[in-house]
Student: 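Here it is, the structure in full.
Positions are given from 1, in the same order as the sequence printed here.
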Amino acid sequence: MNHRNPFRSALLFLLATSALSVAAAALPLQPLADKPGRIAVKGLRGKVYYVPSTVDTVKWGYLPNATDRPLLTVPSGATVVFDTLSHEGLLEDQGRDALTYFAAQGVPGRMVLQDAIAITRSSLPHDFSKDGPHIITGPVAVDGARPGDVLKVDVLAVTPRVPYGVISNRHGKGALPGEFPEGPKPEPDASAAEPEKYRNVSVFTPVRKNRRGSWEGLMKNMRGDAVTFPAAPFMGVMGVAAATSEPVHSVPPGVFGGNMDVKDLGAGTVVYLPVFVDGANFYTGDPHMAQANGEVALTALEHSMRATFRLTLLKKGDPRIPSASGSLEKPFGETRDYWIAIGLNPDLDEAMKDAVREAMRFLHEQLGMDRAVALAYMSAATDFNVSQVVDRTKGIHALIRKRDFIKVKQGIRQRPMR
């Protein structure tokens with residue numbers, strides 16, 4: 001594999017000498033336990049539920065469906081901590097050997113996650129040409145959840161486990177398939193034993209804390225000049241089990257959530273997910289350190305994370321559900337400043353229409369706007385962003401600005417959203 005790493009020693013330099021990388025001293029965040037259960041986690045009050053990523057707790061390339069048994073069943077309102085793994089550095093076109101791959105990037109063995117090493121050295125099946133790339137951790141059931149209910153997922157924290165990640169561009173994928181990666185095409189006998197034959201491109205990318213205390217990624221141009229960009233951790237995959245016994249591929253998102261890749265849904269936000277099976281069966285994965293809207297190369301800055309959620313069951317008809325029907329048909333997001341309507345479709349034009357319709361539904365049902373006025377408002381005041389164009393099912397998300405509706409919420413008895 002073509003590992004574009006213009007400064008192989010950058011990570012070691014950051015760890016050893018940079019005052020900007022004090023946060024790296026606490027890394028890596030190795031697994032806290034080898035089985036799901038209740039444990040004490042530093043920084044959280046009392047015991048919380050914890051799910052590690054092990055051969056027994058992950059699915060590689062697929063999402064949980066109606067046949068999967070939950071790893072844990074938790075009460076509504078429970079705090080659940082997941083140790084999640086990025087697939088980058090672990091896949092077959094990178095040799096399926098985390099320790100060897102990251103050593104080649106200048107990462108010392110002590111800075112490689114033990115769960116990443118264990119999974120790549122296990123017999124866990126994964127077909128690089130057929131299966132999705134994502135390592136999905138879960139599911140966790142919520143006691144009492146039934147189809148028609150809604151699972152409210154508060155994203156409490158998304159914390160980097162290591163000070164590095166990887167961005168990849170693979171043949172036949174990304175926003176420019178057939179144009180990138182540039183150079184020779186894959187060889188037919190490519191395998192994990194000879195990963196270079198895939199001829200894909202990965203860019204190893206260290207991260208650090210800057211002087212303002214914010215995470216940033218580091219690259220270099222061809223002259224060796226530093227390029228830095230802001231990072232904002234979030235989980236690319238958050239979802240509930242689909243009501244099917246058929247395998248659910250991890251790449252395309254759907255009404256169950258999954259690989260939505262909405263970068264705005266980081267710590268301090270909420271995701272509302274319709275429930276399709278008893279227990280809801282929540283899962284997560286595809287952790288990202290940074291992603292731009294579009295995700296044009298194919299992957300974001302993929303980066304293993306410790307993600308902390310509060311899972312709250314909203315029974316059908318609960319006024320906190322953002323819908324007049326008392327339930328939801330598709331995922332919906334909320335941040336401090338925005339309500340987020342999500343549109344999904346293999347056709348980008350249709351995904352846009354889906355997002356507009358969902359935003360209009362919300363404005364009409366929850367904020368009392370005439371549908372024609374809602375459309376006019378969106379045309380003037382709502383940004384529709386391309387979440388991603390690389391996951392087969394493309395995504396558009398609308399950012400409905402909360403501050404525009406302060407007087408509306410004061411003037412009517414608005415059902416609470418939080």
Student: Testing the 3.5 Å rule here: is there a donor-acceptor pair between the side chains of S323 and S325?
Tutor: yes
Student: How many angstroms lie between CG in L363 and CH2 in W339, if you round to the nearest 0.5 Å?
Tutor: 8.5 Å
Student: Y283 and A241: which non-hydrogen atoms are nearest, and at how many Å?
Tutor: CE2-N, 3.7 Å
Student: In the structure I gave you, are the side-chain heavy atoms of F276 and T244 within less than 4.5 Å of one another anywhere?
Tutor: no
Student: Quick one, L63 and F256 - any side-chain contact, counting heavy atoms below 4.5 Å?
Tutor: yes
Student: Of all heavy-atom pairs between Y164 and V107, which one has the smallest distance, and what is that distance?
Tutor: CE2-CG1, 3.7 Å
Student: Roughly how far, to the nearest 0.5 Å, is OG1 of T73 from OH of Y49?
Tutor: 9.0 Å
Student: Please name all residues satisfying salt bridge (charged side-chain N to carboxylate O under 4.0 Å, His left out) with K173, sequence neighbours left out, ordered by chain then number.
Tutor: none
Student: May I ask you to test the W60-L124 pair for a side-chain heavy-atom distance under 4.5 Å?
Tutor: yes
Student: Quick one: pull up CG in L113 and CG in L29 and give me the separation to the nearest 0.5 Å.
Tutor: 8.0 Å
Student: What I want to check is whether the side chains of S168 and S202 have a donor and an acceptor closer together than 3.5 Å.
Tutor: yes
Student: Do T205 and L218 come within less than 4.5 Å of each other through their side chains, counting heavy atoms only?
Tutor: no
Student: Side chains of residues 379-389: which donor-acceptor pairs under 3.5 Å do they make with residues two or more places apart or in other chains?
Tutor:
| unit_1 | atom_1 | unit_2 | atom_2 | d |
| --- | --- | --- | --- | --- |
| S387 | OG | H397 | ND1 | 2.6 |
| Q388 | OE1 | V390 | N | 3.0 |
| Q388 | OE1 | D391 | N | 3.0 |
| Q388 | NE2 | T393 | O | 2.8 |

Student: Does the plane of the ring in Y377 sit parallel, tilted or perpendicular to the ring in F405? Use 30° and 60° as the thresholds.
Tutor: perpendicular
Student: Roughly how far, to the nearest 0.5 Å, is the CG atom of D337 from the CD1 atom of I400?
Tutor: 13.5 Å
Student: Can any side-chain N or O of H288 pair as donor or acceptor with the backbone N or O of A290 at less than 3.5 Å?
Tutor: no
Student: Report the distance from atom CE of M111 to atom CZ of R161, rounding to the nearest 0.5 Å.
Tutor: 11.5 Å
Student: Going by side chain to side chain donor-acceptor pair (under 3.5 Å), name the pairs with one or both residues in residues 129-138, residues two or more places apart or in two chains.
Tutor: S53-T137, Y62-D131, D127-S129, H134-S250
Student: Check side chain to side chain donor-acceptor pair (under 3.5 Å) between K59 and all other residues, then give those that pass, not counting sequence neighbours.
Tutor: D68
Student: Under the salt bridge (charged side-chain N to carboxylate O under 4.0 Å, His left out) rule, collect the residues that match up with E302, sequence neighbours excluded.
Tutor: none
Student: Flag the pair R170 and D93 as a salt bridge only when some basic side-chain nitrogen lies within less than 4.0 angstrom of an acidic carboxylate oxygen.
Tutor: yes
Student: Quick check: does any side chain N or O of S304 sit under 3.5 Å from a backbone N or O of L85, one acting as donor and the other as acceptor?
Tutor: no
Student: Does some side-chain heavy atom of P133 sit less than 4.5 Å from a side-chain heavy atom of H87?
Tutor: yes
Student: Which residues pass the side-chain contact (heavy atoms from CB on, under 4.5 Å) test with E329, not counting sequence neighbours?
Tutor: none
Student: Please answer whether the main-chain N or O of A300 pairs with a side-chain N or O of E295 as donor and acceptor at a distance below 3.5 Å.
Tutor: yes
Student: With sequence neighbours left out, what residues match D370 under side-chain contact (heavy atoms from CB on, under 4.5 Å)?
Tutor: A372, V373
Student: I would like to know whether D83 and R306 meet salt bridge (charged side-chain N to carboxylate O under 4.0 Å, His left out); could you show each step before the answer?
Tutor: CA-CA 5 Å; D83 266 344; R306 177 167 292 165; 2.6 Å; yes
Student: Is any side-chain heavy atom of V277 closer than 4.5 Å to a side-chain heavy atom of R146?
Tutor: no
Student: Got a sec, which residues hit salt bridge (charged side-chain N to carboxylate O under 4.0 Å, His left out) with R310, two or more places apart in sequence or on another chain?
Tutor: D154
Student: Nearest heavy-atom pair of A341 and A355: which atoms, and what distance?
Tutor: CB-O, 4.1 Å
Student: Counting only heavy atoms not in K185, do more than 12 sit closer than 6.0 Å to its NZ atom?
Tutor: yes
Student: Distance check, rounded to the nearest 0.5 Å: L265 atom CG versus M260 atom CE?
Tutor: 6.5 Å
Student: Could you check whether any side-chain N or O of N281 sits under 3.5 Å from a backbone N or O of V240, counting only pairs where one atom can act as donor and the other as acceptor?
Tutor: no
Student: Would a 4.5 Å heavy-atom cut-off, applied to side chains only, mark I340 and T335 as touching?
Tutor: yes
Student: Under a 4.5 Å cut-off applied to non-hydrogen side-chain atoms, are H171 and P181 in contact?
Tutor: yes
Student: Look at D354 together with R357 and state whether they make a salt bridge at an N to O cut-off of under 4.0 Å.
Tutor: no
Student: Can you name the closest pair of heavy atoms from I117 and T120 and give their distance?
Tutor: O-OG1, 3.1 Å
Student: Pairs in or reaching into residues 26-44: which pass side chain to side chain donor-acceptor pair (under 3.5 Å), with residues at least two apart or in two chains?
Tutor: none
Student: Applying side-chain contact (heavy atoms from CB on, under 4.5 Å), name anything that partners T284, two or more places apart in sequence or on another chain.
Tutor: F82, T84, M235, M238, F282, F309
Student: Is a donor on one side and an acceptor on the other found under 3.5 Å between the side chain of T57 and the backbone of P52?
Tutor: yes
Student: Tell me, please, which residues at least two apart from D347 pass side-chain contact (heavy atoms from CB on, under 4.5 Å).
Tutor: N345, D349, E350
Student: Any salt bridge linking K394 with D261? Criterion: basic side-chain nitrogen under 4.0 Å from a carboxylate oxygen.
Tutor: no
Student: Salt-bridge test for K402 and E334: reply yes if a basic N is under 4.0 Å from a carboxylate O, no otherwise.
Tutor: yes
Student: Who pairs with R45 by salt bridge (charged side-chain N to carboxylate O under 4.0 Å, His left out), at least two apart in sequence or on another chain?
Tutor: none
Student: Quick check: closest heavy atoms across A297 and I167, and the distance to 0.1 Å?
Tutor: CB-CG2, 4.5 Å
Student: Check this for me, if you would: do K315 and D149 make a salt bridge, where the nitrogen-to-carboxylate-oxygen distance has to be below 4.0 angstrom?
Tutor: yes
Student: Using only heavy-atom distances, determine whether the side chains of T299 and E88 contain a donor-acceptor pair under 3.5 Å.
Tutor: no
Student: Show the nearest heavy-atom pair for residues L313 and D143, with the distance to one decimal.
Tutor: CD2-O, 3.7 Å
